[in-house]
Number of protein chains: 2
Amino acid sequence: MTRRVKPEKSSAGLDDRKAAILEAVVREHIDTAQPVGSSAVATHGELAVSSATVRSEMVALEREGYLSQPHTSAGRVPTDKGYRYFVDHLQGGAVGPVTQQQIGDFFRTVRGEVEDVLSQTSTLLSRLTSYTSVVVGATQSFASILSAQLVNLDARHQLLVTVFADGSVTKHGVYLDHDVTPTDVAEASRQINALLIGTTVESRVQVPSGNDDVATLVRESVSVLHDQRPTREGEQVYIGGSSRVAEAFDGVETVRQVLTILEQELLVVSLIQDMIDQGVSVAIGSEHGFEPLASCAVVVAPLTVDGHPSGAVGLLGPTRMKYGEAMAAARAVSQELTRYLEGEPRV
Amino acid sequence: MTRRVKPEKSSAGLDDRKAAILEAVVREHIDTAQPVGSSAVATHGELAVSSATVRSEMVALEREGYLSQPHTSAGRVPTDKGYRYFVDHLQGGAVGPVTQQQIGDFFRTVRGEVEDVLSQTSTLLSRLTSYTSVVVGATQSFASILSAQLVNLDARHQLLVTVFADGSVTKHGVYLDHDVTPTDVAEASRQINALLIGTTVESRVQVPSGNDDVATLVRESVSVLHDQRPTREGEQVYIGGSSRVAEAFDGVETVRQVLTILEQELLVVSLIQDMIDQGVSVAIGSEHGFEPLASCAVVVAPLTVDGHPSGAVGLLGPTRMKYGEAMAAARAVSQELTRYLEGEPRV
DNA sequence: CCTGGCACTCAGTAGAATCGAGTGCCAACA
DNA sequence: TGTTGGCACTCGATTCTACTGAGTGCCAGG
């Protein structure tokens, strides 16, 4: 079968009219949550063709996997591939002035500790978009240490309290198998402080050898701080608007599944981190590989503070989410948040 | 109309048979989530009466507000008042050995910082009961201060880091309207530490007067620490198993409402705190005054560490929750958690 | 006071009929 | 060759009806 090459077809894309039709279908379906028929596209859209033409294009689009039919005699619904094409090609969206205003106002007036700001940011982003939002807080791997001290809880339990330049504070328990004197703890604390100030948790430092209590305490403390667990503990997750899940999906079962995922913060972090690492900003349907989230789309925007990757903001919605708005909002918030975090020293 | 006084009737209670019938209805309805009819009670239950008798008692129970009928030809469903009577009079339940075992295992093996333990406890409690669980962490109002130091972020921003005897650590930003020297900060830090060690955030301490930077820093720091905001910041909330909400209620709208409440942690804290303060352990339906939670029941058990009220554990479920199990589980977990928190110094 | 019996009520279900949005296909047309 | 109007067809959704049966309220007899 020889076949003439159609315009744009060979370049693995869609010709203009197909693209326009796909776009119309996606737009309409996002709006109405209903399958959209050929006449709706023909009437509503800007392309001056009849519904019959649209229909024949639609069968093509379906054959190529961009659309699907819930059943015969129904309209078409975009597939994940359809949404993907839409997102990749037909984008273009900035946040509206009102939203931009709200974001600006928020960061102009917000005060307090980083944790609170991140948490509130998550709420803000959720409110702006009507989707569930996720803010993954920075690790302090890059922040230099301002102070590290060992506090005596009792004879064999100490607490290592570390303050970082970004205003974050961590604590780690340091346990020994025998009692130590407060004097030794104080001395160890002094040495630890001297040793660690100015370094980061990624720096290697010279620890004292020796078997005396002070040296042991110092070694233990440094190692407990440097041993970031595989599930990096510097990362906090703030989930805002989880009730939006109940709005976005109609089946109670789907809602339950999505909530179950959201409960497992580690899962959420790694999902988002993976996306950031791979440089994608949208994952649609099962692109991210979590089956329970097959009916979801995730939008992320990275946070980069002083050149270091420092977490991300994300949005979770149904695959028929308003990608334009969501991506624009995520981007805007991540920018402003970045600026905020880079600006005034955060406390 | 003169009327003979029925047994137990005058004492604002229910006579034995009514109580038994009410109990049977509640039990059955909790089990099946369906309205329960007279024959089910007559057959299933232990009382040796016919369904006709049960029926006539049921109309009485309905007249008195313990039961209600969804519609004429349906069985009866307990009202909030019915559940209340059930909970108040017909209780009796301890956790099963398996559950007790799981709780024991958990606290025997769990390690880590208080926050993590509380968070995991919340997950545990939710898993044990299949309801959404809430753990409200202790305030440090009663814990004495082990260490307080001021860390220099930049010329006019300092961070007050305080370590408490219970292993908790807080940080507070201290801002001045002019620059201060690192030397002054160090000196202030020394003074603050000396001043605060051994006190609690509720103690009044003698702060230095004077207008020099050091004195100002000390005053600012002490006041920022003592000024617990009305929404006490020492309280952390850990919500476990929020996906259970989707299991407990069938209407998506109800799910959304409950989730919306759970998002507002302050609301949750104050709800639970109120219950604790008033000494109630179960709030059914609208007893707590939150209309959005009218279809919920809340079970709480206080945490009391070393004699001080230190938060609570709670469970949130539908009004037809398994009160016996839930209360027993909450009590058992709160006891074990208390023991854990009082035991090994917590880090 | 209890109980078996009986007429009655009414939500839920099943089946039949209908509706209509939307399709696929085709012949005619530009 | 691509586009279009027309047309028969499909099939989910909706409506209507009839029926079922769980459960009730009431009453007369024990």
Side-chain angles (χ1 to χ4, degrees), chain A residues 1-9 14-22 24-25 28-29 31-64 66-79 250-251, chain B residues 3-9 14-18 20-22 24-25 28-29 31-64 66-78 250-251:
Chain A
M1 259 203 254
T2 54
R3 188 186 289 193
R4 205 90 50 82
V5 173
K6 293 190 200 151
E8 301 260 355
K9 182 63 194 304
L14 258 27
D15 65 63
D16 288 355
R17 200 170 61 184
K18 279 204 182 62
I21 290 174
L22 176 57
V25 171
E28 188 75 8
H29 181 255
D31 246 39
T32 63
Q34 300 285 331
V36 358
S38 54
S39 64
V41 174
T43 320
H44 221 274
E46 287 83 17
L47 46 175
V49 292
S50 75
S51 66
T53 311
V54 174
R55 271 202 293 282
S56 71
E57 293 286 50
M58 275 173 149
V59 303
L61 282 167
E62 182 167 6
R63 195 179 341 108
E64 295 167 43
Y66 294 97
L67 295 178
S68 79
Q69 252 180 321
H71 57 262
T72 341
S73 93
R76 255 73 173 206
V77 159
T79 59
D250 19 41
Chain B
R3 190 187 284 190
R4 208 90 49 81
V5 174
K6 295 189 202 152
E8 301 259 358
K9 182 63 197 300
L14 257 29
D15 65 63
D16 287 356
R17 199 170 62 185
K18 279 202 182 67
I21 291 174
L22 176 56
V25 171
E28 187 75 9
H29 182 254
D31 246 42
T32 63
Q34 300 285 332
V36 359
S38 53
S39 63
V41 174
T43 318
H44 221 273
E46 288 84 16
L47 46 175
V49 290
S50 76
S51 66
T53 310
V54 173
R55 265 197 302 277
S56 71
E57 293 286 49
M58 275 172 147
V59 301
L61 282 167
E62 182 167 5
R63 199 178 338 111
E64 293 168 44
Y66 294 97
L67 295 177
S68 80
Q69 251 181 322
H71 58 262
T72 326
S73 70
R76 255 72 173 206
V77 159
D250 19 41

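In this text, all values refer to a predicted model and were calculated from it rather than measured experimentally.
Here the nucleotide nearest the side chain of A52(A), chosen from dG25(D), dC2(C), dG5(D), is dG5(D). Residue R76(A) has its side chain nearest to dG24(C) when only dT3(C), dG24(C), dG22(C) are considered.
Counting only distance, with no hydrogens or angles, the side chain of T32(B) and the backbone of E28(B) share a donor-acceptor pair below 3.5 Å.
Residues S38(B) and S51(B) come closest through the heavy atom pair CB-O, 3.6 Å.
Note on T53(B): every side-chain N or O is 4.0 Å or more away from OP1 and OP2 of dC2(C). When the side-chain nitrogen and oxygen atoms of S73(A) are compared with OP1 and OP2 of dA21(C), none of them lie within a distance under 4.0 Å. Checking the phosphate oxygens (OP1, OP2) of dC10(C), a side-chain nitrogen or oxygen of T72(B) falls inside 4.0 Å. For S56(B), no side-chain nitrogen or oxygen approaches OP1 or OP2 of dC2(C) to under 4.0 Å. Contact annotation: R55(A) side-chain N/O to dG6(D) OP1/OP2 distance is not under 4.0 Å.
Between the CE atom in M58(A) and the CD atom in Q69(A) there is a gap of 8.5 Å [rounded to 0.5 Å].
If you take CD of E57(A) and C1' of dG24(C), they are 15 Å apart, rounded to a whole angstrom. Separating the CG atom of L47(B) from the P atom of dC2(C) is a distance of 11 Å, rounded to the nearest angstrom. Straight-line distance from the NE2 atom of H71(A) to the C1' atom of dC11(D): 6 Å, rounded to whole Å.
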